[in-house]
Amino acid sequence: MTDKPTLISIEAVTKRYGGVTAVSAVSLEIKQGEFFALLGPSGCGKTTLLRMLAGFEIPDEGRILIDGADMAGVPPNKRPVNMVFQSYAVFPHMTVADNVAYGLKIDGVPKAERDARVAEALDLVKLADYGARKPDQLSGGQRQRVALARALVKRPKVLLLDEPLSALDAKLREAMRVELAQIQLKVGVTFVMVTHDQDEAMAMADRCALMNNGTLQQCGTPWDMYEFPANRFVADFIGNVNMVEGTLIEDEPCRALVDAPAWGTKIWLDHGVSGAAGSTVWAAIRPEKMEIIRREGDRPAAANPAAPAGSNLVEGVVSYSAYLGSETVYEVKVGTQMLKVLRPNASRHDNDWCHDGAPVWLRWAPDAVAVLMA
Ligand code: ATP
C-alpha cells in the first residue's frame with residue numbers, strides 16, 4: 001500500500017470553533033485505493049476532519065489537497081468526493097433504483113447510461129433484485145447498502161464514510177464490515193471512514209489515524225498501532241494492555257532494562273529503546289503476550305535464557321477468570337495492579353485449569369514489551 005501514490009494530503013490543518021480547537025495542526029497522507037480509518041474517542045476531532053475533506057467545514061490553517069489540487073475555495077459539490085452518512089439518508093418516497101439514480105439525474109447523465117450504472121452499482125452491493133422496492137421494504141443493512149450504491153454510482157475518487165455501520169445492530173454490523181471491505185477492494189475507490197470503534201477500524205482499514213483532543217497520536221497499519229504504539233494513549237485505546245511505570249536503567253543497541261517496582265520485577269528487552277538512562281518510561285505488554293503459570297513448585301525459568309535473573313517474571317494471584325470458549329481471560333493481582341492475561345484453551349479439558357484465588361506466575365518474552373516514553 002505504501003508504494004501507491006498519495007491521493008489526499010492534509011497539511012498542518014487546524015480548525016477552531018470559538019475557544020475549542022477541534023483539529024490541531026494535523027498532517028496526514030492518504031494513498032490512492034486505500035481504506036483509511038479516522039479513529040478516536042468522542043470529541044477527538046475526527047468528524048471535523050472528515051467534514052473538512054468533504055468541504056462542509058473550512059480549515060482555519062493549513063491546506064487539503066486531493067489528487068494534487070488545493071481544495072481551498074472548492075465547494076462540496078465540486079470536490080471529487082462523496083459522503084455516506086451515519087443515518088443512511090435515503091429518500092423514502094423513491095424506489096431503490098431511483099434513489100441510486102438521483103445524483104446521476106441531477107448531473108444530467110443520459111437515461112441509458114444512468115440505467116446501466118445504477119444496475120452495476122446495485123449489483124455491487126448485492127441489491128440487483130431490489131431496484132423496484134421502497135426503502136421501508138428493506139432491512140437496515142440493505143438501506144445502508146442503498147446509500148453506499150448511491151454514493152459509489154457517481155464514481156468519486158474518494159468516498160467519505162461517517163460511522164457508516166453505527167445504526168446497525170451488532171450482528172449486522174459485523175457482517176457489513178466484511179461486505180464493505182470487499183466492496184472497497186472491488187471498486188478500488190479510496191475510502192476514508194470515521195469510527196470510534198477500534199475493532200471496526202482494525203478489521204476494515206489498511207491504515208488508521210488515531211486522534212485525541214484534536215491532535216494526531218499515530219498513523220499506521222493496525223499492526224503498527226497494536227504492536228508498536230507511539231505512546232500510552234495509543235497503547236491503551238487500541239486493544240487491551242498491561243502498563244507499568246518504570247525507570248530505564250540500561251539502554252544498549254541490543255538490550256534494555258527497565259526497573260518496574262510496582263510489579264516487583266525488572267523488565268528486560270532484547271533490543272534498545274533510544275532513551276536516556278534514568279528516565280521515566282512505561283512498559284506495555286498485551287494480555288496474550290503474558291504467559292500464566294500455576295505457582296506450585298520451583299520458580300520457573302525466564303522465558304529467554306539470556307535474560308538477567310529475576311526479570312520478566314512476576315508473582316500474582318488470580319482474582320477473576322472468564323471462560324470465553326476459545327480462550328480464558330484471567331485478571332491477576334500483581335502488587336496493587338490488576339493485570340489481564342489471555343490463555344488459549346488448547347485442550348478441551350482446560351476449564352478447571354486455574355481457580356480464582358490461585359497463586360500464579362506471569363512470564364513474558366523480551367520482545368513482548370513496548371517501551372513508551374510518553
Ligand atoms: P463524535 O465521535 O462524538 O462525533 P468527533 O471525534 O467526531 O466526536 P468532532 O465532532 O470533530 O469530534 O468534534 C471535535 C470538537 O469540536 C468537539 O469538542 C466538539 O464539541 C467541537 N465541535 C464540533 N463541531 C462544532 C461546531 N459546529 N460548533 C462548535 N463546536 C464544535
Side-chain angles (χ1 to χ4, degrees), residues 8-30 34-66 71-77 79 81-89 140 144 147-148 151 158-170 172-174 176-177 180 190-205 207-220 222 225 229-239:
I8 302 173
S9 295
I10 298 169
E11 298 178 356
V13 163
T14 293
K15 176 71 187 174
R16 297 183 199 90
Y17 295 109
V20 177
T21 304
V23 173
S24 178
V26 167
S27 294
L28 274 179
E29 294 214 325
I30 300 174
E34 193 166 39
F35 196 141
F36 195 90
L38 292 171
L39 175 66
S42 183
C44 71
K46 55 195 185 297
T47 308
T48 302
L49 193 53
L50 193 81
R51 289 174 61 80
M52 286 193 279
L53 292 176
F56 300 138
E57 302 287 347
I58 308 299
D60 290 314
E61 287 163 32
R63 55 179 204 155
I64 293 172
L65 289 92
I66 301 181
M71 289 293 113
V74 180
N77 61 343
R79 296 188 178 203
V81 306
N82 221 326
M83 188 134 163
V84 176
F85 294 92
Q86 204 165 40
S87 51
Y88 27 81
Q144 184 60 307
L148 194 63
V158 183
L159 193 67
L160 305 174
L161 303 113
D162 183 8
E163 302 261 8
L165 309 183
S166 63
L168 308 176
D169 66 54
L172 195 52
R173 203 155 59 218
E174 222 159 277
M176 276 297 286
R177 273 182 196 175
L180 201 52
T190 305
F191 276 27
V192 183
M193 175 182 77
V194 156
T195 179
H196 63 272
D197 181 335
Q198 51 111 2
D199 285 339
E200 203 164 284
M202 301 271 285
M204 295 160 78
R207 287 193 310 144
C208 326
L210 176 58
M211 294 178 66
N212 189 33
N213 285 331
T215 63
L216 178 65
Q217 300 291 309
Q218 188 170 356
C219 176
M225 317 270 286
N231 56 41
R232 282 180 286 159
F233 178 81
V234 179
D236 198 41
F237 192 88
I238 308 280

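Remember, predicted model here, so these are calculated numbers, not experimental data. Both ligands and their constituent atoms are indexed starting at 1 by order of listing.
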Enquirer: Can you tell me if C44 has a non-hydrogen atom under 4.0 Å from ligand 1?
Expert: yes
Enquirer: Does some non-hydrogen atom of the protein lie less than 4.0 angstrom from atom 29 (C) of ligand 1?
Expert: yes
Enquirer: Are any of the heavy atoms in P41 under 4.0 Å away from ligand 1?
Expert: yes
Enquirer: Evaluate the side chain to side chain contact (heavy atoms under 4.5 Å, CB included) criterion for residues L210 and Q198: first the C-alpha distance (whole Å), next the side-chain angles of each, then the deciding distance (0.1 Å), finally the verdict.
Expert: CA-CA 9 Å; L210 176 58; Q198 51 111 2; over 6 Å; no
Enquirer: Name the one of V192, L53, V158 that satisfies side-chain contact (heavy atoms from CB on, under 4.5 Å) with V81?
Expert: V158
Enquirer: Return a yes/no value for H196: is any of its N or O atoms, backbone included, closer than 3.5 angstrom to an N or O of ligand 1?
Expert: no
Enquirer: CD1/I30 to CZ/R207 distance, rounded to the nearest 0.5 angstrom?
Expert: 7.5 Å
Enquirer: Stepwise, does the side chain to side chain contact (heavy atoms under 4.5 Å, CB included) test hold for V84 with Q144?
Expert: CA-CA 9 Å; V84 176; Q144 184 60 307; 3.9 Å; yes
Enquirer: Counting from 1, what ligand 1 atoms have a heavy atom of G43 closer than 4.0 Å?
Expert: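 It comes down to these atoms of ligand 1: 1 (P), 3 (O), 5 (P), 6 (O), 8 (O), 12 (O), 14 (C), 15 (C), 17 (C).
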Enquirer: What protein heavy atom is closest to atom 24 (N) of ligand 1, reported as residue, atom name and distance in Å?
Expert: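 For atom 24 (N) of ligand 1, the nearest protein heavy atom is Y17 CE1, 3.3 Å.
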Enquirer: Pick whichever of V23, T21, T47, N213 has a heavy atom sitting closest to atom 4 (O) of ligand 1.
Expert: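 Selected option, by shortest heavy-atom distance: T47.
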Enquirer: Considering non-hydrogen atoms only, spot the tightest contact between E29 and F36 and give its length.
Expert: O-CE1, 4.5 Å
Enquirer: Give yes or no for whether the N/O distance cutoff of 3.5 Å, strictly under, is met between A22 and ligand 1.
Expert: no
Enquirer: Ignoring hydrogens, just give me the one of L39, V194, T48, L38 whose non-hydrogen atom is nearest atom 9 (P) of ligand 1.
Expert: T48
Enquirer: Yes or no, since that's all I need: does a protein heavy atom fall within a distance strictly under 4.0 Å of atom 20 (O) of ligand 1?
Expert: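 Under 4.0 Å from atom 20 (O) of ligand 1, zero protein heavy atoms found.
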Enquirer: So which heavy atom on M211 is nearest to which on P41, and how close?
Expert: O-CD, 3.4 Å
Enquirer: Taking the side chain as C-beta and beyond, is there a heavy-atom pair between R51 and D162 under 4.5 Å?
Expert: no
Enquirer: Apply the test side chain to side chain contact (heavy atoms under 4.5 Å, CB included) to residues M52 and L49: give CA-CA distance (whole Å), side-chain angles for both, the deciding distance (0.1 Å), then the verdict.
Expert: CA-CA 5 Å; M52 286 193 279; L49 193 53; 4.0 Å; yes
Enquirer: With heavy atoms under 4.0 Å as the rule, classify the contact between V20 and ligand 1 as side chain, backbone, both or neither.
Expert: side chain
Enquirer: Work out which heavy atom in P59 is nearest to a heavy atom in G62; give both atom names and the distance.
Expert: CB-O, 4.4 Å
Enquirer: Of all the heavy atoms in K46, does at least one lie under 4.0 Å from an atom in ligand 1?
Expert: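 Yes; K46 lies near enough to ligand 1 that a heavy-atom distance drops under 4.0 Å.
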Enquirer: Backbone or side chain, does any N or O of S42 fall under 3.5 Å from an N or O of ligand 1?
Expert: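 Looking only at distances, the answer is yes, because the N/O contact criterion of under 3.5 Å is met.
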